[in-house]
Amino acid sequence: MINVLFVCLGNICRSPMAEALFRDLLKKENLSEKVTVDSAATSAWHIGSPPHKGTLTILKKYNISSDDLVGRQLTKKDFEKFDYIIGMDESNVKNIFEITGKPRHPKIIRLLDLTEHNKDVPDPYYTGDFEETFQLISDGCRALLEKIRNEQNLT
Ligand code: 4NP
């Protein structure tokens with residue numbers, strides 16, 4: 001089993017959106033039995049909370065399930081459990097290193113570094129633009145799946 005974790009600041013806007021999008025992609029590609037997906041926050045602000053209304057609305061618009069999305073905080077143990085730990089922006093990546101106590105590691109990646117965008121995923125909690133964030137995360141999730149396919153010999 002390959003385990004993928006998406007991480008953002010609050011775990012209510014971007015990382016649950018990525019979790020839902022990537023889970024949907026895995027389902028469509030018949031890979032749900034081979035790859036698991038989860039998401040977590042670097043902060044403790046929204047533990048136990050459902051996603052932001054804007055994230056729920058955009059997922060609904062694109063017919064993507066938002067079942068089982070509950071806020072939780074990243075732990076040290078996550079570093080061992082997950083094969084790919086994907087931050088939404090540079091500060092998330094920095095905080096992932098701080099929380100896990102690990103030095104730079106290739107399994108810790110900023111999502112859009114896998115795409116030609118090469119930038120932070122804008123935080124719609126502040127921008128209000130959930131559509132822009134959805135499109136960028138969608139590109140990132142497709143690139144991540146290609147990377148995993150190549151590295152893990154998935155058929
Ligand atoms: P997220 O966005 O990291 O994409 O979930 C945020 C959610 C909540 C807060 C900030 C960013 N907050 O300040 O509560």
Side-chain angles (χ1 to χ4, degrees), residues 2-27 35-148:
I2 298 149
N3 302 303
V4 175
L5 181 67
F6 293 101
V7 177
C8 65
L9 176 59
N11 195 211
I12 56 168
C13 295
R14 294 165 297 170
S15 62
M17 195 189 292
E19 177 184 347
L21 245 162
F22 199 65
R23 184 171 288 128
D24 185 71
L25 205 53
L26 291 171
K27 201 170 160 195
V35 185
T36 76
V37 54
D38 193 5
S39 66
T42 57
S43 76
W45 302 335
H46 300 285
I47 293 171
S49 298
H52 190 286
K53 193 156 50 68
T55 287
L56 293 173
T57 302
I58 201 89
L59 290 173
K60 196 164 182 203
K61 174 179 171 187
Y62 288 99
N63 215 7
I64 293 172
S65 168
S66 53
D67 289 350
D68 304 321
L69 299 173
V70 184
R72 75 166 180 95
Q73 190 173 21
L74 181 70
T75 68
K76 243 185 156 124
K77 272 194 186 159
D78 288 323
F79 184 84
E80 315 303 334
K81 173 170 179 196
F82 290 92
D83 304 292
Y84 296 88
I85 302 175
I86 311 295
M88 295 295 126
D89 63 34
E90 202 48 54
S91 72
N92 302 148
V93 169
K94 190 168 149 268
N95 288 325
I96 293 167
F97 288 123
E98 279 166 12
I99 291 167
T100 61
K102 299 288 171 183
R104 290 241 151 213
H105 190 286
K107 73 166 135 181
I108 300 174
I109 301 164
R110 185 176 68 157
L111 181 66
L112 295 183
D113 283 337
L114 300 173
T115 70
E116 73 279 10
H117 301 295
N118 283 313
K119 63 172 188 175
D120 291 345
V121 175
D123 192 340
Y125 190 81
Y126 302 112
T127 67
D129 193 342
F130 286 81
E131 182 74 45
E132 174 197 30
T133 293
F134 181 91
Q135 296 302 337
L136 288 168
I137 288 178
S138 180
D139 285 354
C141 282
R142 271 185 263 116
L144 176 62
L145 186 57
E146 275 323 293
K147 178 182 169 68
I148 294 175

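Both ligands and their constituent atoms are indexed starting at 1 by order of listing.
Residues Pro122 and Thr133 approach most closely at O-OG1, 2.9 Å, considering heavy atoms.
Within the structure, salt bridge (charged side-chain N to carboxylate O under 4.0 Å, His left out) contacts touching residues 38-55 (residues at least two apart or in different chains) are Asp38-Arg72. Residue pairs satisfying the ring pair (Phe, Tyr, Trp, His ring centres under 6.0 Å) criterion with at least one member in residues 75-95, sequence neighbours excluded, are listed as follows: Phe79-His105.
Residues passing the side-chain hydrogen bond (donor to acceptor under 3.5 Å, both in side chains) test with Thr36 are Asn3, sequence neighbours excluded.
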After noting the C-alpha distance and the side-chain angles of Lys119 and Leu136, does the key distance pass the side-chain contact (heavy atoms from CB on, under 4.5 Å) rule?
CA-CA 10 Å; Lys119 63 172 188 175; Leu136 288 168; 3.9 Å; yes
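A distance limit of 4.0 angstrom between heavy atoms and ligand 1 selects the residues Cys8, Leu9, Gly10, Asn11, Ile12, Cys13, Arg14, Trp45, His46, Asp123, Tyr125, Tyr126.
Look at Lys94 and Glu90 and you find no salt bridge, because none of the NZ, NE, NH1 or NH2 atoms lies under 4.0 Å from a carboxylate O.
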